[in-house]
Amino acid sequence: MKKELLLELKNVSAGYSGQNVIHDISLLIDEAEIVALMGPNGAGKSTILKAIFGFITHTGSILYEGEKIYPSPQNLVKMGVAFVPQGRRVFANLTVKENIEIGGFSLNDEIECIRRAEHLMHLFPILSTKQNEYAGALSGGQQQLLSIARGLMTQPKLLLLDEPTLGLSPKVVKEIFKTIKDINEDQKTAILVVEHNLHSLLPITDRAYVLAHGKIVASDTGGAIAGSDILEQVFMGKI
Amino acid sequence: MEYIFHIFILIFIYGILAIAQNLVMGSTGLLTLGGAAFYGIGAYTAAILATKFGVNIFASLALAPILAGIIACVVGVSFARFRDDYFMLATLGFLMIFHTVVRNWEELTGGAYGIAGISKPELFNFTFQTPASFLLLALAIFLLTLGISYRISRSSFGRVLNAIREDEDALKIFGYKTSSYKLLAFTLGASLSACAGVLFASYITFIDSNFFTINESLLLWSMIILGGIGRNRGAVVGAFILIIVPEFLRFVGFPTEFAGLLRQFIYGSLLVLLMLFRPNGILGKYKL
């Protein structure tokens, strides 16, 4: 069955303080697929996510479900896009349950919010056992799961994940990637993920884009990118 | 006995102020020095309405929070772009403007002479004239304020305020318009402070601008830091201690020529020691 196009970037440039960090980025994300953005530090991966979510202004076009959008976090959340930021950013002095419930603001329905929070507790059993503990007391991996669970409160069509395994142990990294794959398969959520951890990520991706110096230098299936030498060239600074 | 009633009336009035300050600063993380200004707006509203128009203090208890809320709304919208210490400096500016206006608008506020002869509250031909009756009124309004604040802290609105305090940018990711929440917390805090101002003016029966200086705002800061930021009961404990301790020190028997200075010294030392050994305050959730 052919998948519908969900998000398209056409010649998007963006940056900070008037200085562009990404240049003429064009990429596609179909519904229910996992797409990876890879590249060395400073390549502009996180900047692409920030431009998509409206945290920074951009030139060029961003199309969501075929329509040009002018992104802001408020609009995108309503449209079905969720963003899980780098560094987890859980609210340390709120409980696990409160953290999850706070992700459901745009639902505007407290009962539905509680129902979905309970559903997510089933999907993330480790969070269920710690639901009344302060988020600040969780381990790094548990905080990352909480951050992802919080992003799923609105049952998004597209989940943007910024470095979800940063600073986590290999065992936890494996668990996080399994969770990402499960979410994708069970809920048909499209996922755009920025990640350093290439070996764990590529096997689960449908498509990958490789960035260097703010430009896309390669795009293909995860398997094809893993089999080529493009990543070595990019990470060794040969491109 | 009347002296004890007097102390407890002050504890309840400052308890209301500390709860309001805790809502704005403790729960939401807005560093404001404007608390004394809204306290003053409440007091002057009651004083002016009572002395110039004969309005009952109970009517002022309804009108002053509305007026303070409207002013807080305008101030809050104007200061919406500021965060942290910039917001604090902006609210200090607002306090200075308030102080200058009440000190110089003599026709309305009495200027440096203040306003005397403020009436006591009356309800169904009963005047809250005695300290005991006024204590009951102050207790009722204090409990009402505590109840409102407790409900807020247990609500989803309260959770959003706590999240703003922790990481406002992270909250925006979920579509929250955090500026609206901050404005609402600031306005609610101002309205509650104005209630305390009405009570104070009616209790003391005389006010001037010296009651509403930055010292008063700093006292409110001290109360919630000492009691523990982010907790209503911390604010109440802080108010209790910082009203009781100076009164208690009156009876220690310091030589009269040094009594005032020594009281200030002990009072300051207590705060320094607390910050050194328990920076979260007595019952606090957060450090400043």
Side-chain angles (χ1 to χ4, degrees), chain A residues 49-50 52-56 71-114 117 134-136 143 146-154 156 159-162, chain B residues 22-30 80-81 83 150-185 224-225 227-235 278-288:
Chain A
L49 295 192
K50 285 177 187 164
I52 293 172
F53 211 67
F55 283 133
I56 53 173
S72 74
Q74 280 93 9
N75 292 342
L76 279 163
V77 169
K78 282 181 193 154
M79 279 188 253
V81 182
F83 182 47
V84 177
Q86 198 180 102
R88 306 186 272 275
R89 316 259 311 246
V90 296
F91 302 111
N93 284 300
L94 298 186
T95 66
V96 168
K97 192 163 175 258
E98 288 170 341
N99 261 275
I100 291 178
E101 283 175 3
I102 225 163
F105 165 73
S106 64
L107 301 172
N108 224 355
D109 180 344
E110 205 153 330
I111 294 167
E112 177 63 8
C113 207
I114 291 166
Y134 284 116
Q143 286 190 3
L146 174 58
S147 188
I148 293 171
R150 202 174 53 174
L152 292 172
M153 267 296 279
T154 52
L159 185 63
L160 308 176
L161 292 176
D162 195 357
Chain B
N22 184 54
L23 175 68
V24 181
M25 190 171 131
S27 301
T28 319
L30 293 170
R81 77 176 90 157
R83 275 197 190 186
Y150 180 77
R151 284 295 297 267
I152 289 172
S153 66
R154 307 290 292 182
S155 68
S156 53
F157 172 65
R159 280 203 300 273
V160 173
L161 297 186
N162 285 336
I164 288 174
R165 180 200 160 83
E166 292 209 16
D167 191 344
E168 187 177 347
D169 291 332
L171 200 58
K172 286 179 181 170
I173 288 168
F174 307 107
Y176 288 87
K177 207 171 171 204
T178 53
S179 54
S180 307
Y181 285 85
K182 289 196 294 186
L183 184 62
L184 190 52
I224 66 163
I225 292 170
I229 287 179
R231 292 204 192 277
N232 288 319
R233 55 179 185 268
R278 194 165 165 79
N280 284 21
I282 295 168
L283 299 169
K285 232 175 165 179
Y286 317 107
K287 289 180 192 172
L288 185 61

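In what follows, every chain begins at residue 1, and chains take the letters A, B, ... in the order their sequences are listed.
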field: Partners passing ring-ring contact (aromatic ring centres under 6.0 Å, His included) against A:Phe55 (at least two apart in sequence or in another chain)
entry: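 Partners of A:Phe55 by the ring-ring contact (aromatic ring centres under 6.0 Å, His included) criterion, ordered by chain and then number, come out as A:Phe53, A:Phe83.
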task: Determine the minimum heavy-atom distance between A:Val77 and B:Gly175, stating which atoms define it.
output: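 In this case the closest contact between A:Val77 and B:Gly175 is CG2-N, 3.9 Å.
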message: If I compare all heavy atoms of A:Glu110 with all of B:Ser156, which pair ends up nearest, and what's the gap?
response: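 Taking every non-hydrogen atom into account, OE1-OG, 3.7 Å.
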query: How about A:Glu112: does its CD atom have over 12 heavy atoms from other parts shown lying under 6.0 Å from it?
result: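 Yes.
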task: Taking the side chain as every heavy atom from C-beta outward, state whether A:Ile102 and B:Leu171 have any atom pair closer than 4.5 Å.
output: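 The answer is yes, as the side chains (C-beta and beyond) meet within the 4.5 Å cut-off.
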- prompt: When rounded to the nearest 0.5 angstrom, what is the spacing between CZ in B:Arg159 and OG1 in A:Thr95?
  reply: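 So the CZ of B:Arg159 and the OG1 of A:Thr95 are separated by 7.5 Å.
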message: Please classify the contact of A:Ala92 with chain B as side chain, backbone, both or neither, using a heavy-atom distance under 4.5 Å.
response: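 Contact with chain B: backbone and side chain both.
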message: I'd like to know which of A:Met153, A:Arg150, A:Lys78 tops the heavy-atom pair count under 4.5 Å against chain B.
response: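 Max contact count across the listed options: A:Arg150.
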message: Holding to side-chain contact (heavy atoms from CB on, under 4.5 Å), I want the full list of residues that pass it with B:Arg151, two or more places apart in sequence or in another chain.
response: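 Applying side-chain contact (heavy atoms from CB on, under 4.5 Å) to B:Arg151 gives none.
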